[in-house]
Amino acid sequence: MLEAAKETLARIRALPLTGRVRIMNVCGGHERTISMAGLRAALPENVELIAGPGCPVCVCPEEDVHDAIALSRLANVTLVAFGDMLRVPANVPKAEPRSLEAAKAAGADVRPIASPREAAAIARASPAREVVFFAAGFETTTAPVAAMIAEGVPSNLSVLLSGRKTWPAVAMLLDSEQPGFDALVAPGHVSAIMGPEEWRFVPERHGLPAAVAGFEADSLLEAFHSVLRQHLEHRAILDNCYTAVAKPGGNPTARRLIADVLDVVDANWRGIGVIPASGFALKPELERLDARRRFALDPAAGRKRVGQMPPGCDCARVVLGKIKPNECVLYGKACTPRNPVGPCMVSDEGACRIRWAAGLRDGATAKS
Ligand code: SF4
């Protein structure tokens with residue numbers, strides 16, 4: 001651990017905390033650093049770190065995964081998606097592929113990509129094929145997707161968009177009777193795009209301390225120190241502990257590109273349900289790029305699957321921070337990274353996968 005991080009940790013340990021304080025993060029990168037650096041165990045006993053809705057792959061609704069699999073199986077279609085999405089399982093009849101990876105094994109042309117530009121390049125290189133880009137992600141992913149669309153895409157490329165905004169899920173939790181946390185550490189990279197101001201509602205509307213943090217342990221510890229001090233002093237502000245990257249107003253170019261090509265719409269979150277104004281959709285004038293329309297997918301077929309999770313999977317409660325990954329009865333038994341049952345064990349940003357990667361296989365304690 002860096003000297004700066006050690007010094008911040010010492011300041012946290014010196015705080016005169018008494019009761020339990022629950023701090024939620026909503027970023028897979030935060031959760032990864034917390035788990036890999038052992039920050040839970042390093043913090044005082046009464047500070048609990050909770051992983052909240054920070055994994056876009058985990059909340060991608062089943063109907064979208066289902067649509068992507070269906071599209072990939074069409075003749076003359078190449079389906080491209082960020083690598084994590086390929087292994088996300090869906091509930092399907094036994095004879096059908098349950099993931100894009102399974103569809104690929106059965107002969108579909110499914111390709112992992114690392115950036116939206118790669119999707120456009122594949123379409124340009126294969127003009128005789130229809131290329132569908134399954135674009136699932138939060139604002140940090142949606143911004144480059146918007147840039148790709150704004151630049152102009154080949155006529156044989158369409159988009160199956162499953163973009164989500166982060167803050168409405170936190171707002172939904174805070175508007176519920178049991179939010180389950182006392183302070184928030186807000187995602188630095190989302191803030192770098194959309195502006196840290198998006199998180200002001202946490203202190204201003206709900207009276208909870210909040211701080212923006214980057215991915216590194218020292219930035220996270222600064223944010224923990226900030227919200228714990230606020231908690232002790234009975235005050236609530238939004239403290240930006242990531243000023244080098246998360247500037248006021250965010251990235252104006254990225255925000256303009258998003259606003260130019262996408263609308264904000266109500267959106268379904270897997271296992272959670274519809275959250276108002278939490279998703280992105282192509283603007284009506286760009287509907288020619290919408291894969292659902294281009295291939296006349298039946299929206300009723302998708303709606304039937306709303307909210308579904310694989311049997312026994314507790315991903316929805318894990319995503320909302322209601323339980324720890326190892327409190328799911330399938331964790332480490334039926335569900336492992338090699339054989340994932342739910343999306344939280346698939347994605348590198350999923351709480352179950354991260355916990356497993358950190359070597360925490362069983363033995364839940366309040367601190368783990
Ligand atoms: S252990 Fe598997 S099934 Fe259980 S919540 Fe995690 S991903 Fe879902």
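Counting convention: from 1, in listed order, for ligands and their atoms alike.
- Trp269 and Phe181 fall within a single hydrophobic cluster, where Ile, Leu, Val, Met, Phe, Trp and Tyr side chains are chained together by heavy-atom contacts under 4.5 Å.
- Near Met345, with a cut-off below 4.0 Å to any heavy atom, the atoms of ligand 1 are 7 (S).
- Scanning the protein for heavy atoms near atom 8 (Fe) of ligand 1, the closest one is Cys315 SG, 2.5 Å.
- Given atom 6 (Fe) of ligand 1, the protein heavy atom at minimum distance is Cys352 SG, 2.3 Å.
- Here Cys335 meets the criterion, with an N, O or S atom under 2.8 Å of atom 2 (Fe) of ligand 1.
- The aromatic ring centroids of Phe215 and His189 lie less than 6.0 Å from each other.
- Regarding atom 4 (Fe) of ligand 1, its nearest protein heavy-atom neighbour is Cys328 SG, 2.3 Å.
- For atom 1 (S) of ligand 1, the nearest protein heavy atom (residue, atom name, distance) is Tyr331 CA, 3.6 Å.
- We find that Glu222 and Arg11 are joined by a salt bridge, their nearest charged nitrogen and carboxylate oxygen being less than 4.0 Å apart.
- For Ser278 (side chain) and Ile275 (main-chain N/O), a donor-acceptor pair under 3.5 Å exists by modelled atom type.
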After noting the C-alpha distance and the side-chain angles of Arg255 and Asp260, does the key distance pass the salt bridge (Lys or Arg N to Asp or Glu O under 4.0 Å) rule?
CA-CA 9 Å; Arg255 292 180 63 179; Asp260 282 352; over 6 Å; no
